[in-house]
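Heads up, the thing below is written out as structure tokens.
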Amino acid sequence: MIKELGPGLRLTLILTVLTGLLYPAVMTGVSELILPGQSNGSLVSVNGKVVGSSLIGQPFAKPEYFHPRPSAAGSGYDATASAGSNLGPTSAKLLHGTTKMDDKKNEIVDFDGINLRVVHYCVDNDIPYESSIPLEQFKDSHGDLDDVKLIKAFNDDKAPLHFAAKAPIPPDAVTASSSGLDPHISPANAETQAARVAKTRGVSADQVKQLIAQSTERADWGFLGEPRVNVLMLNIALDRRFPVSK
């Protein structure tokens with residue numbers, strides 16, 4: 001039996017060395033030589049400090065920056081929990097959002113929902129809207145919108161809050177990607193945010209739109225995919241061209 005097992009064991013050992021050690025080592029060396037940036041994760045550095053990857057989105061919330069699309073990966077752009085919401089277009093949770101109680105028995109947002117995203121996108125970017133209930137009634141003591149109150153209003157069975165933008169909103173502005181890590185937004189989404197970004201940086205909207213045009217990536221090979229804007233790269237270009245006054 002040992003004589004019969006010998007060839008199999010030797011073959012297993014040889015293949016383990018070839019495919020488990022030599023092949024990965026050779027491919028790693030070749031990739032480092034030919035595509036060093038991509039092989040190391042397409043990391044992006046500013047002033048010698050790594051600020052992210054051009055392949056993975058990250059949150060930006062300040063008004064002077066372009067904001068990415070929503071993310072359902074973990075708490076948002078969590079590369080260890082890449083996923084979509086897996087909610088269908090008729091899902092009440094997807095549309096209206098949900099709340100939950102935290103460990104301290106405080107009601108917090110569990111899932112924001114498209115309606116709440118539309119509200120914030122309109123308010124943040126001065127998009128005209130109509131609301132069945134004035135948004136002033138949903139503000140807290142600091143004057144900020146209370147997301148929990150809004151979600152509960154959208155889910156009210158008797159008199160739900162109706163909110164609608166009076167101008168088109170790019171779909172990617174209020175929907176997450178299937179991976180939750182998409183680093184890009186559409187040019188339309190970027191242009192809609194341009195006025196807000198320009199105002200906070202003290203420049204004209206046309207100047208910011210020119211930068212958007214320069215940062216827009218075309219379809220791969222001219223026909224694969226759609227034109228897109230990498231949010232991280234655009235925000236880095238913003239800081240270089242139009243730095244925020246401190």
Side-chain angles (χ1 to χ4, degrees), residues 57-73 76-77 84-98 109 111-139 144-155 160-201 205-206 208-209 211-213 215-217 219 225-232 234-235 238:
Q58 58 180 279
F60 285 93
K62 293 182 179 180
E64 62 264 29
Y65 288 109
F66 285 92
H67 299 169
R69 64 187 304 176
S71 170
Y77 289 102
S85 66
N86 293 325
L87 298 173
T90 60
S91 168
K93 179 178 180 178
L94 177 65
L95 296 175
H96 308 316
T98 55
V109 175
F111 184 82
D112 52 1
I114 291 178
N115 286 338
L116 183 62
R117 297 169 186 170
V118 171
V119 170
H120 281 288
Y121 196 77
C122 287
V123 172
D124 290 347
N125 297 292
D126 292 326
I127 298 174
Y129 60 84
E130 54 186 8
S131 178
S132 60
I133 303 174
L135 291 186
E136 291 294 327
Q137 296 188 23
F138 300 100
K139 291 186 176 180
D144 300 320
L145 288 173
D146 189 319
D147 290 345
V148 170
K149 289 182 179 179
L150 283 166
I151 290 175
K152 293 176 73 173
F154 282 126
N155 283 287
L161 170 64
H162 293 285
F163 185 95
K166 291 185 177 181
I169 290 182
D172 65 295
V174 294
T175 57
S177 65
S178 58
S179 69
L181 304 176
D182 190 351
H184 300 97
I185 58 176
S186 66
N189 188 355
E191 290 181 359
T192 302
Q193 300 182 56
R196 182 199 75 238
V197 173
K199 181 179 179 180
T200 56
R201 289 179 179 265
D206 287 339
V208 174
K209 288 182 178 180
L211 191 59
I212 293 172
S215 302
T216 299
E217 303 172 17
E226 298 290 334
R228 56 202 180 274
V229 180
N230 189 295
V231 178
L232 174 61
L234 176 58
N235 284 333
L238 263 178

Evaluate Asp146 against Lys139 for salt bridge (charged side-chain N to carboxylate O under 4.0 Å, His left out), listing each step before the verdict.
CA-CA 5 Å; Asp146 189 319; Lys139 291 186 176 180; over 6 Å; no
In Å and rounded to the nearest 0.5 Å, what is the [atom1] to [atom2] distance from [X] to [Y]?
X	Y	atom1	atom2	value
Leu145	Glu136	CG	CD	8.5 Å
Thr90	Leu95	OG1	CG	8.0 Å
Phe66	Thr192	CZ	OG1	10.0 Å
Ser91	Ile114	OG	CD1	9.0 Å
Leu116	Lys149	CG	NZ	14.0 Å
Leu181	Arg69	CG	CZ	11.5 Å

For Ser85 and Leu94: C-alpha separation, side-chain torsions, deciding distance, then whether side chain to side chain contact (heavy atoms under 4.5 Å, CB included) applies.
CA-CA 8 Å; Ser85 66; Leu94 177 65; 4.3 Å; yes
Regarding [X] and [Y], do their side chains bring together a donor and an acceptor under 3.5 Å, going by distance alone?
X	Y	result
Asp147	His120	yes
His96	Asn115	yes
Asn189	Tyr121	yes

Checking the side chain of [X] only, and the main-chain atoms of [Y] only, is there a donor and an acceptor separated by less than 3.5 Å?
X	Y	value
Ser132	His162	yes
His67	Lys62	yes
Asn155	Gly97	yes
Ser177	Gly180	yes

For the residue pair [X] and [Y], what are the closest heavy atoms and their distance?
X	Y	result
Glu226	Arg228	O-NH1, 3.0 Å
Pro171	Thr175	O-OG1, 2.7 Å
Val197	Thr200	O-OG1, 2.9 Å
Val119	Phe154	CG2-CZ, 3.8 Å
Ala205	Ala195	CB-CA, 4.4 Å
Pro70	Ala173	CD-O, 3.5 Å

Heavy-atom check, side chain of [X] versus side chain of [Y], under 4.5 Å:
X	Y	result
Asp182	Ser71	no
Pro63	Asp124	no
Val231	Tyr65	no

Apply the side chain to side chain contact (heavy atoms under 4.5 Å, CB included) test between Ile212 and each candidate in Leu234, Ile185, Leu238; give the one that qualifies.
Leu234
Do Tyr129 and Phe163 have their ring centres less than 6.0 Å from each other?
yes
Report the C-alpha distance between Arg117 and Asp112 in whole Å, list the side-chain angles of each, state the deciding distance to 0.1 Å, and finish with yes or no for salt bridge (charged side-chain N to carboxylate O under 4.0 Å, His left out).
CA-CA 7 Å; Arg117 297 169 186 170; Asp112 52 1; 3.0 Å; yes
Does CD belonging to Glu217 count more than 12 external heavy atoms closer than 6.0 Å?
yes
Does the pair Asp126/Arg196 count as a salt bridge with the N-to-O cut at 4.0 Å?
no
Output, in order, the C-alpha distance, side-chain angles, deciding distance and verdict of side chain to side chain contact (heavy atoms under 4.5 Å, CB included) for Leu161 and Ser131.
CA-CA 7 Å; Leu161 170 64; Ser131 178; 3.4 Å; yes
